[in-house]
Structure formats: C-alpha cells, structure tokens
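First the proteins, then the strands, lettered A, B, ... as listed; each starts at 1.
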Amino acid sequence: MAKEIVNREDNYSLWYNNLVVKADLAENSAVRGCMVIKPYGYAIWEKMQAQLDKMFKDSGHVNAYFPLFIPKSFLSKEAEHVDGFAKECAVVTHHRLMSNPDGPGVVVDPDAKLEEELIVRPTSETIIWNTYRNWIKSYRDLPLLVNQWANVVRWEMRTRLFLRTAEFLWQEGHTAHSTKSEAIEETERMVHIYEKFAREYMAMPVMVGRKSQSERFAGALDTLCIEALMQDGKALQAGTSHFLGQNFAKAFDVQYTNKEGKLDYVWATSWGVSTRLMGALIMSHSDNNGLVLPPKLAPIHVVMVPIYKSQEDRSKILEQMNEIKEKLQKRGLSVKIDDRDNLRSGFKFAEWELKGVPVRIAIGPKDMEKGTVEIARRDTLTKEFISMEGVEELIPDLLDEIQENIYDKALKFREKNTYVVDSYDDFKSKIEEGGFLLCHWDGTAETEEKIKAETKATIRFIPIDDSYKEEGKCIYTGKPSGRRVFFARAY
RNA sequence: CGGGGUGUGGCGCAGUUGGUAGCGCGCUACGUUCGGGACGUAGAGGCCGCCCGUUCGAGUCGGGUCACCCCGACCA
C-alpha cells in the first residue's frame, strides 16, 4: 500500500531536507531541534496563516499578543496543566552576561540571577488567564474571543522536522464564556473551522473526533481534534480544540458578575494549529518527484519555462510570457517566469516539480510558430498543448481541478486504508500495514494502555458522528461497547 | 532519558598499518549546447563537530562532550 507509493524513509530528505520547504536544523549546539524555515516554505505558512486568520475573524475573533515569558508560579496554578508541561520547559534563570574572568568569551553573571525563574511559553493559557482576570468583570465583557499568533517552545525529548520541533509557530485561541454550553459550542465551532480549512485549502481530508481521556490536553475537560492519515499509513493529529471548563478561571480567579448580579466563574476554551500543518501538507500529497502543493496554498501557482536556442528566440518568448503573466496576474494568480539563462529547460522542469508548483507552462520556438503552449500539471504529471490564445481563461479552472483532484486522491487513500476490524488477531496484523482501524473498545484507559503497549497503536479519536454508534464487543476484553473508535499508529 | 548509527569544502561521500586531506554534485570564468536533470577547459573553496589525552606526529587511536538521524518512553 502506502509504502509502495511513497517510502517515507527515502523521501524524507527529498521532501524536507533537499527541498525548498526545507528546514535546516540549526547547527548551533545551543539550539536543539529548532528549524530554519526557508523563504519558500515560509510563504506556504504565510498563506495558511492568512486564510486561518480570515476564518477566525469571520467567526468573531480578534488577535492580541501576550508575553513570551511566563513566571514559574503561573504555571503551577493549574495542577494538571503543570503536570503536562513541566517536563518540557525551557527556563530563564538569569538576565545578564559578563566577560569571562578566567579566559575568553562570556559567562552568565551570577549576580544577575532572577528572583523568580521565567518559563518560555510552551502554551499561553496561564499568562492569558492571568490577564483575563482584569479584563473580565461583567457578563457584558463576554464572550471574549481572542487569538494569538506566536512561537512556543517545548523541550521535547525527541524532535522531528515540522512535526515536533523544539520551537514552533502556531496560533492559539483563548476564549471566555458566561455559560458552559456556549463554551462547548465554541470548542465545536473551532474544530470544524480547522476541518474546513484542511479540506478546502490544504486539500487534506481529516476526521473530526474526541480524544480519549489519556490523550486529552493537560487541564482540559474535553479535547476535540482533527486527525489525518499520512501516505505511510501513520495518523497525524493536525489540530485540537479544548473545552477547559472552569479550571483556568478558578486557578486564576476570573469571576464576572452575571445578569442576576451574582459572581460566577467563566467557562473557557483554547484551540490551536501549528507549523505541524506544513508537515501534514507535505506528507499528505507529495510523491517521488517532490512536493505537490494544493493551488490554494502554493506560493507560486504557475511557473513559465522558456525553451530556446538563440538569444533572439529567448527575448521573443520572454516577451510573450510576460504578456501571459500579466493576464494571469490580473486574475489573482502568482506567476513566476524562470528566465535563468544558465540552466536547461529539463533541469528547470525537475526543479519546479520538486517545489510542487501546480501548473507549468513551457513555450518554445515551435509553440511560437503554432501559437500554442505546453501545459503540465504537477498532480498528474501530464502535459498537453493548448492554444496560446485565451490560456489565461483556462488556468484558473485548471487550478480548481487540481485542488479538487489532490483532495479526492487523499480521500480515496484514506478510505482505502480504513478498515473495520472485529478481532484482536485481525487488529494486530492489520496495524502492521498502517491505516485507521475502526474497532469496538470498552471505554477504559486500561484497555487502551494495553493495546498501545502491545501494538503501538493508540486511539486517535472517538468519532462524534453518530453514524459510528453501534452495539458491539471490545476487541480486547470482549466487554460491551456502544460505538466504534479509530485506532492507528501515529506520529 | 535508554538502545543503535552519523558528524570531513555549500550538498552527498571516500580517506588503507597514524605521516598536515580527496572524489562527485554545486559554485566562478570562457566556449560549445539547449522541447525532460548537457559537455569541455581552467579556477575558487576545508581551524576534518568541540575539548582533553596517547604520540616526534592524530581526520585516523583512547576518554569526554555537543548535535543530528533511526528505534523506544514523552508530546502538537
């Protein structure tokens, strides 16, 4: 299955390291597991950002910014929360350096020790809720719907490019509501916005579900998620939305006066997606020729490659290309003419395929004679000659078609790799092939833990869709179960 | 944090019994090429991850350390 199409081992460097979207891991020894996102890769992130930001604002949210440093005492105010993050925190202890009295270089000035250590935010619930205490006094201040675009640091034991870097970029929404039901609605609204973004923009089909208790966010009462299946058969959590109950309001004493004039704690949610989405994008669509970018997120929609022998031909063709480029730009497309004179066209074809540009237009002397252009699609790797006249009218439709085709392909892949499994023996053999396994589970953390220990598979999510409700028996214990859940090995 | 592996020009690698480094790609210049990753000629580019040790002499041997990759435990 998956491994025949794309072998992750082989393509890892092709997709990430050799490439464009590539992130060099920083060579400085002090910076562990961080990434440098090159301009082309960052352009993809900017596109994602712009679209998500629009979707947040369209649903009533606003942006704000909170400090990078969190006083250590803040983190310990919510017991479960600190348990979840304590093991992966970067801690600031001093605020000054001095020249080394015993030799060259600089050392930390021992006199500059901070009275209270600062934690580099692994997530911002604590510092934000500490601020919300002063922002929320009345029911008229609610709901408070704030999002932050930021970087966070989690000192993970093991890092992996894009999927789990020590520092990553993300957005984190933190909302406050006067009622429990309103907060739950918000939690659901946001996970569906993520689902829509993944489907419509990333061309990535995702399942919406609920995390089991053991996979829940530290400090949350409920965690909803979007979960995608990568081409190597492993699942990837691509975004989460948490219902935090009144945990943080109580920990930071955020109370408001309700319509009846009584004090009450507010209800909270938080939700986020990160640069992990770029890993998801790459691993969902790429093939052995490199990246395949969905047109809606591609920094360059159309690349134009001239083919020529003489400088005369070259300038004629480039002139023609500029005309087409202008027409395409008027339709809102991003177009690149690859006019580099030192490279052959074949090399350029391969290079732009590696970068995942959805459409390539090549024009040579023969085209100039016949009035045609060669159009190549990145998703299917097919080429055809069409009339130069009116090409600008066809390209937008073609891009839409590519966007759709990439989605369909990913959806078919997931459907083909989702299995209904009713016995534990079957489970153990199927899990080796990868994919989602849809099984009955008795609902206990013990069973989940045992299955994980024996097979490395975890419950990715409990579907919230009622169509998965059905009476059955747990594949492990045989105890009764009211619905099927999705198991997979995950990143 | 445990197990395994790797650190040598920008990238990918070689380097024998220890004797101050080589190949391919890329880069620069010139020429010939140009419809799917061109070729020739001439060049430039390296405190061999870092520290300590053994030795007359260390890329090579020993110890330590840091980083990265893979497999676990942990996690977005």
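- Pairs passing the salt bridge (charged side-chain N to carboxylate O under 4.0 Å, His left out) check and including a residue from residues 359-372 of chain A, sequence neighbours excluded, read A:Glu353-A:Arg360.
- B:rU41: Watson-Crick or G-U partner is B:rA29, with both key distances under 3.5 Å.
- Between the C1' atoms of B:rA21 and B:rU28, the separation comes to 23 Å (whole Å).
- When the C1' atom is used for both B:rG9 and B:rG2, the distance is 36 Å, rounded to whole Å.
- Residue-to-nucleotide contacts include a donor-acceptor pair under 3.5 Å from the side chain of A:Glu353 to the base of B:rG36.
- Rounded to an integer number of Å, the gap from A:Met204 CE to B:rA76 P is 17 Å.
- One P atom belongs to B:rG59, the other to B:rA67, and the distance between them is 24 Å to the nearest Å.
- Rounded to whole Å, atom P of B:rA76 lies 15 Å from atom CD of A:Gln171.
- Every residue meeting the side-chain contact (heavy atoms from CB on, under 4.5 Å) condition with A:Ile307, not counting sequence neighbours, appears here in chain and number order: A:Ser345, A:Phe349, A:Ala362.
- Within 4.0 Å of A:Arg314, counting heavy atoms only, lies no atom of the nucleic acid at all.
- For the C1' atoms, the distance from B:rU54 to B:rU60 is 13 Å, rounded to whole Å.
- Among the atoms of the strands shown, only primed sugar atoms or phosphate atoms (P, OP1, OP2) are found under 4.0 Å from some heavy atom of A:Ser345.
- Pairing for B:rC34 is absent, with no Watson-Crick or G-U wobble pair whose two atom distances lie under 3.5 Å.
- As rounded to whole Å, 14 Å separates atom C1' of B:rC25 from atom CG of A:Leu343.
- Taking atom CZ on A:Phe349 and atom C1' on B:rG36, their separation rounds to 6 Å, with Å as the unit.
- Of the possible donor and acceptor atoms, one in the side chain of A:Gln231 sits under 3.5 Å from a partner among the backbone N and O of A:Ser286.
- B:rG46 and B:rG26 have their C1' atoms separated by 16 Å, with the value rounded to a whole Å.
- In a base pair of the Watson-Crick type (N1 to N3 plus N6-O4 or O6-N4) or a G-U wobble (N1-O2 and O6-N3), with each distance short of 3.5 Å, B:rC13 is matched with B:rG22.
- Not a single salt bridge (Lys or Arg N to Asp or Glu O under 4.0 Å) links A:Glu78 to another residue, sequence neighbours left out.
- Checked against salt bridge (Lys or Arg N to Asp or Glu O under 4.0 Å), A:Asp341 has the following partners two or more places apart in sequence or in another chain: A:Arg314.
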Which protein N or O atoms sit under 3.5 Å from an N or O of nucleotides 28-33 of chain B?
{"residue": "B:rU33", "atom": "O2'", "partner": "A:Arg344", "partner atom": "NH2", "Å": "3.1"}

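- Here ring pair (Phe, Tyr, Trp, His ring centres under 6.0 Å) pairs that include residues 209-232 of chain A, with residues two or more places apart or in two chains, are A:His81-A:Phe217, A:Phe85-A:Phe217, A:Phe217-A:His242.
- Annotation: A:Lys77, atom NZ; neighbour count of heavy atoms from other residues, nucleotides and ligands within 6.0 Å is above 12.
- The C1' atoms of B:rC23 and B:rG15 are separated by 10 Å, rounded to the nearest whole Å.
- Rounded to whole Å, the distance from CZ on A:Phe347 to C1' on B:rC25 is 10 Å.
- Atom CZ in A:Arg276 sits 10.5 Å away from atom OH in A:Tyr491 (nearest 0.5 Å).
- Contacts classified as salt bridge (charged side-chain N to carboxylate O under 4.0 Å, His left out) and involving residues 205-215 of chain A (residues at least two apart or in different chains) are given here: A:Arg210-A:Asp222, A:Lys211-A:Glu227, A:Glu215-A:Arg460.
- A donor-acceptor pair under 3.5 Å links the side-chain atoms of A:Ser59 to the main chain of A:Phe56, judged by distance alone.
- Between B:rC74 and B:rG37, the distance separating the two C1' atoms is 43 Å to the nearest Å.
- Comparing B:rA76, B:rG37, B:rG36 by their nearest atom to the side chain of A:Gln237 picks out B:rA76.
- When the ring-ring contact (aromatic ring centres under 6.0 Å, His included) test is applied to A:Tyr424, the partners found at least two apart in sequence or on another chain are A:Phe427, A:Tyr476.
- Qualifying salt bridge (Lys or Arg N to Asp or Glu O under 4.0 Å) partners for A:Lys296, counting only residues two or more places apart in sequence or in other chains: none.
- One atom, CD of A:Gln311, and another, C1' of B:rC34, lie 11 Å apart when rounded to the nearest Å.
- As rounded to the nearest Å, B:rG12 and B:rG72 have C1' atoms that lie 29 Å from one another.
- RNA chain B lies under 4.0 Å from no heavy atom of any residue of residues 74-83 of chain A.
- If you measure from atom CH2 of A:Trp155 to atom C1' of B:rA76, you get 17 Å, rounded to the nearest angstrom.
- Taking the syn range as angles within 90° of 0, the glycosidic angle of B:rU20 is syn.
- In terms of the salt bridge (Lys or Arg N to Asp or Glu O under 4.0 Å) criterion, residue partners of A:Arg489 (sequence neighbours excluded) are, by chain and number, A:Glu432.
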Tabulate protein N/O versus nucleotide N/O from nucleotides 72-75 of chain B, keeping only pairs under 3.5 Å, one per line.
{"residue": "B:rG72", "atom": "OP1", "partner": "A:Lys456", "partner atom": "NZ", "Å": "3.1"}
{"residue": "B:rC74", "atom": "OP2", "partner": "A:Lys452", "partner atom": "NZ", "Å": "3.3"}
{"residue": "B:rC75", "atom": "O2'", "partner": "A:Glu156", "partner atom": "OE2", "Å": "2.6"}
{"residue": "B:rC75", "atom": "O2", "partner": "A:Arg164", "partner atom": "NE", "Å": "2.1"}
{"residue": "B:rC75", "atom": "O2", "partner": "A:Arg164", "partner atom": "NH2", "Å": "3.3"}
{"residue": "B:rC75", "atom": "N3", "partner": "A:Arg164", "partner atom": "NE", "Å": "3.1"}
{"residue": "B:rC75", "atom": "N3", "partner": "A:Arg164", "partner atom": "NH2", "Å": "2.7"}

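- Note that CD1 of A:Ile402 and NE2 of A:His301 are 10.5 Å apart. Values are rounded to the nearest 0.5 Å.
- Whole-Å rounding puts the A:His242 NE2 to B:rA76 P distance at 7 Å.
- Ranked by how close their nearest RNA chain B nucleotide is to the 5' end, A:Lys383 and A:Ala218 are led by A:Lys383.
- As the counterpart of B:rC50, B:rG64 is assigned, both hydrogen-bonding distances of the Watson-Crick or G-U wobble pattern falling under 3.5 Å.
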